[in-house]
Amino acid sequence: MAAQKPSVPKGTRDFSPLEMVKRNFIFDTIKDVFKRYGYLPIETPSMENLSTLLGKYGDEGDKLLFKILNSGDYLEKVNNNLKDIDSNKLALQICEKGLRYDLTVPFARYVVQHLNEITFPFKRYQVQPVWRADRPQKGRYREFYQCDVDVIGSNSLLNEVELIQIIDQVFQSLKVNVVIKMNNRKILAGIAEVIGEPDKIIDITIAIDKLEKIGKKGVYDELIGRGLSSGSISEIDPILELKGDNFDKLSSLKKILRNSEIGLKGIDELETILNYFETIDINTELELDLTLARGLNYYTGAIIEVKALEVEIGSICGGGRYDDLTGVFGLKDVSGVGVSFGADRIYDVMEQLDSFPKEIVSSTKVLFVNFGENEEKYCLPLLKILRDNGVNSEIYPDSAKMNKQMTYANNKNIPFVILVGENEMQKGVLTVKNMVSGEQFEMKFDELLQKLK
RNA sequence: GUGGAUGUAGCUCAGUAGGUUAGAGCAUCAGAUUGUGGUUCUGAGGGCCGUGGGUUCGAGCCCCAUCUUCCACCCCA
């Protein structure tokens, strides 16, 4: 039998130890921040009932769902002739489950299903993989991890403020420079209302989302292609021309949207959030960006997106407020807001910037060079004392050439190398080499211990 | 899903109009240096040239299919 070539499905990856150490660094950092703000962990299954997922992410999202074939004779109940049936309809008959597409919709399902165990406002975090049948590209995978934080059951804009603080803290800890972009779905609705095309809000937002990429002319062409009249398009013009800082933009916008109640509400929300940050210090730039649309059609208020400043990779974190996601599962009038960190893209950014801390690969502080059996016996008790005092230390396992042992220490970024040979044993000292400066000194073991512990 | 590229050593890439044993740099290992890494010099190992068909006396190179990765669109973490 010919050996089959081993491979994994398109857009999925294995993670080797070095990668896992770095990935875990990201996960641990993010989870630490989540916990610091009082969020609690949950997990949900990899697969959901297809009915839970369908229709929550728009038409495009439905296409990207991985569907799971029913077990057993799944064609038994299909009446129609296979050739006459449309494949989408067939899928519904033979697949009753699908892989989750994000963590927000399963969370909404979870909340409704576990209502009686939950006290509101419920703050949860969830770090799990999601799957999308998208065509892979750089930073775009078919299986990737999301790290979600959400608050559900509270309308307060303080939650938005808290999420922005969390974003700021996470990327500060990971040493990634980012900009946080904000918008509000109500403003987009207001714009659609003011130009007299309230039903076209999705088309309008998708078009103006592309402003940076295709320019104003491109946006106009896109809007005409999406069935808007040139008269209504001209109404959008001042919105695309907004200048100044965040508050300048908001005050211009107030004039443009003065006749739209919902638009003014959105402006007010953004203003409230921004005002909080007049009193709290954050390091990350907060930018009001009216071209920020976000595809997910369940957002109703704030929209947040985070982009890395030094690396071109799309958004590495995004989210917003959804007023009625639990509605479809039978729980009305419960508002939630949350953001999702894209761990895999953050990994790619950090890899490109080389911003993983060196010490996560090896935490060894001290390496004893191995000179032979007598020296080993002399060093082992010293190693034990160091370890008992919390100093991560090791001895090279073979009495190999110095060159090899030093190279080992160098490659593992071990800061101190201890040389104990016949001379040192006789004199009762250690030769300690600082691998960063290259200097070396003789010292007593107790001095070393005091220095390192 | 639509359109377009890509695949040669662990990594980054050469490979000339199809022509003998497929190259370089970095990395690895060994030696120069028997107690000194990160700099230097010398040498060595390592390739089903993505996979499967085809054309040809002969294919890394040409043709077809397929997979992967990547780019644009769509959309998005």
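Proteins come first, then strands; the chains are lettered A, B, ... in the order of their sequence lines, and each starts at number 1.
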### Message
Would you call the rings of Tyr408(A) and Tyr396(A) parallel, tilted or perpendicular, taking 30° and 60° as the class edges?
### Response
perpendicular
Sticking with atom C1', work out how far C26(B) lies from G45(B), rounded to a whole angstrom.
16 Å
Note to self: For a quick check, tell me whether the side chain of Arg135(A) and the base of U2(B) share a donor-acceptor pair closer than 3.5 Å.
What the structure shows: yes
Atom CE of Met47(A): over 12 foreign heavy atoms under 6.0 Å: no
Whole-Å distance, Asp344(A) CG to U69(B) P, equals 14 Å
From CD of Glu143(A) across to P of U69(B) the rounded distance in Å is 13 Å
Whole-Å distance, Asp348(A) CG to C70(B) C1', equals 13 Å
Write down the distance separating the C1' atoms in U12(B) and C70(B), rounded off to the nearest Å. 16 Å
Lys63(A) atom NZ is separated from C76(B) atom P, nearest whole Å, by 12 Å
Atom CG of Asp134(A) and atom C1' of C75(B) are separated, to the nearest Å, by 6 Å
By the Watson-Crick or G-U definition, both distances under 3.5 Å, U68(B) is matched with none
Determine the interatomic distance between P on G47(B) and the same-named atom on G23(B); round to the nearest Å.
14 Å
From CG of Asp14(A) across to C1' of U68(B) the rounded distance in Å is 14 Å
Re A14(B): Watson-Crick or G-U wobble partner, both distances kept under 3.5 Å, found to be none
Taking a pair to mean Watson-Crick or G-U wobble geometry with both distances below 3.5 Å, G45(B) pairs with none
_Please tell me whether Phe356(A) and Tyr347(A) form a close aromatic pair, meaning their ring centres lie under 6.0 Å apart._
yes
Separation of the C1' atoms in G18(B) and A59(B), to the nearest angstrom | 6 Å
Q. What class does the angle between the rings of Phe107(A) and Phe122(A) fall in, given that below 30° is parallel, 30 to 60° is tilted and above 60° is perpendicular?
A. tilted
Ile206(A) CD1 to C76(B) C1', in whole Å, measures 12 Å
Tabulate atom names and distances for all N/O pairs under 3.5 angstrom spanning the protein and nucleotides 64-66 of chain B.
none

Pairing of Glu373(A) and Lys377(A) as salt bridge, 4.0 angstrom limit: yes
Rounded to whole Å, the CD-P distance (Glu60(A) to U2(B)) equals 13 Å
>> Looking at Gln137(A), I'd like to know whether one of its side-chain N or O atoms comes within less than 4.0 Å of OP1 or OP2 on U69(B).
In response: no
Its contact letters, B for base, S for sugar-phosphate only and - for none at protein heavy atoms under 4.0 Å, make nucleotides 30-39 of chain B read -S---BBBB-
